[in-house]
Amino acid sequence: LIDRKCENLQNNFIEYLNSSKPDEMIEEIKNIVEKEEIILKFEKKLILPSHHYVDTKFDMKRLYKNFLKLKEKDIKIFNDIVLTEGVGIKTLKALSLISQVVYGDLPSFNDPAKFSYAFGGKDGHPYPIDKKIYDETINFLKSIVDKAKIGDREKIEIFKKLSFLT
């Protein structure tokens, strides 16, 4: 959401928050989730293992409280949303889903920090590394490389990089 290419999306958030009532916002997100409109036209597809859990559940009471907080503020710029106490990833995800359905704008997949904390941080922030999932992911990547139709030299180079991660 912080990518320069997401300026329209950020402005959509501001417009939507300033023009909608919290009750309407909650109804909108309920409709999106219920109608499974969350499966939208993405520019890029991410194929995940079948055991991967993608959370599409929202705590509507908490989301409503966050929408109230945002409605009470004089939102002028995207930072006003992000810096609001209690507003976190779930609220931003809800606003992003609404923006995709209402305005047709997608979040960027070009954020350079996108995978920074995919498995947790070695310092325990934002959470401790989940070694099991980390190892499963590396093994999954190794199996993809093994099946890839590329030369042995390329495979060896990739395997070296992957073994460096373990």
Side-chain angles (χ1 to χ4, degrees), residues 1-14 16 28-59 62-63 66 77-166:
L1 296 175
I2 60 170
D3 191 308
R4 289 182 189 151
K5 296 176 186 172
C6 288
E7 192 172 329
N8 275 348
L9 188 68
Q10 294 172 4
N11 291 333
N12 293 344
F13 286 11
I14 296 164
Y16 188 77
E28 187 76 48
I29 197 66
K30 282 181 181 177
N31 288 335
I32 291 169
V33 172
E34 286 172 12
K35 292 179 184 176
E36 296 184 30
E37 289 184 58
I38 53 173
I39 302 168
L40 299 167
K41 304 173 273 178
F42 285 103
E43 294 170 348
K44 296 181 182 180
K45 291 183 180 180
L46 179 60
I47 308 298
L48 300 170
S50 59
H51 66 275
H52 187 81
Y53 176 70
V54 179
D55 185 16
T56 58
K57 306 263 189 250
F58 294 96
D59 179 346
R62 185 170 182 176
L63 194 57
N66 285 341
I77 60 172
F78 182 69
N79 285 356
D80 294 337
I81 298 169
V82 176
L83 296 175
T84 301
E85 186 178 338
V87 171
I89 191 129
K90 292 281 190 167
T91 305
L92 293 173
K93 184 190 268 188
L95 288 170
S96 185
L97 287 171
I98 291 169
S99 183
Q100 290 175 45
V101 172
V102 174
Y103 299 96
D105 287 321
L106 300 171
S108 170
F109 291 94
N110 296 324
D111 182 358
K114 173 166 77 171
F115 296 109
S116 294
Y117 294 111
F119 304 100
K122 62 182 177 182
D123 61 354
H125 295 314
Y127 49 87
I129 291 176
D130 186 333
K131 183 81 167 116
K132 181 181 176 218
I133 293 183
Y134 183 80
D135 290 339
E136 285 176 8
T137 303
I138 291 172
N139 289 333
F140 176 72
L141 292 171
K142 285 180 179 178
S143 72
I144 290 172
V145 172
D146 194 39
K147 294 174 187 172
K149 296 180 180 180
I150 57 176
D152 288 342
R153 184 177 295 155
E154 290 89 352
K155 284 184 182 184
I156 290 169
E157 287 301 313
I158 295 170
F159 283 136
K160 282 181 186 175
K161 290 177 184 177
L162 287 173
S163 66
F164 178 73
L165 297 173
T166 56

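Heavy atoms only: backbone and side chains are in, while hydrogens, waters and symmetry mates are out.
V87 is not listed as a side-chain neighbour of V82, based on a closest heavy-atom distance of 4.5 Å or more. Side-chain contact between D80 and I14 is absent, with no heavy atoms from C-beta onward closer than 4.5 Å. Looking at N66 and T84, their side chains never come closer than 4.5 Å, going by heavy atoms from C-beta outward.
Each of N12, N8, N11 was compared with S99 under the side chain to side chain donor-acceptor pair (under 3.5 Å) criterion, and only N12 meets it.
I77 CD1 to Q10 CD: the interatomic distance, rounded to the nearest 0.5 Å, is 9.5 Å. Between atom NZ of residue K160 and atom NZ of residue K155 there is a gap of 15.5 Å, rounded to the nearest 0.5 Å. Taking CZ from F78 and CG from L92, the interatomic distance works out to 5.5 Å, rounded to the nearest 0.5 Å. To the nearest 0.5 Å, atoms CG (L95) and NZ (K93) are separated by 12.5 Å. Put simply, CG on L141 and CZ on F159 are 10.5 Å apart, with the number rounded to the nearest 0.5 Å. Atoms CD1 and CD1, on I158 and I150 in that order, are 4.0 Å from each other to the nearest 0.5 Å.
Between K132 and E136 there is a salt bridge, with a side-chain nitrogen of the basic residue lying less than 4.0 Å from a carboxylate oxygen of the acidic one.
Heavy atoms from other residues, nucleotides or ligands lying under 6.0 Å from CD of E154 number more than 12.
Judged purely by atom type and a 3.5 angstrom limit, D146 has no side-chain atom pairing as donor or acceptor with the backbone of K142. Without hydrogens or angle criteria, N31 side chain to E28 main chain gives no donor-acceptor distance under 3.5 Å.
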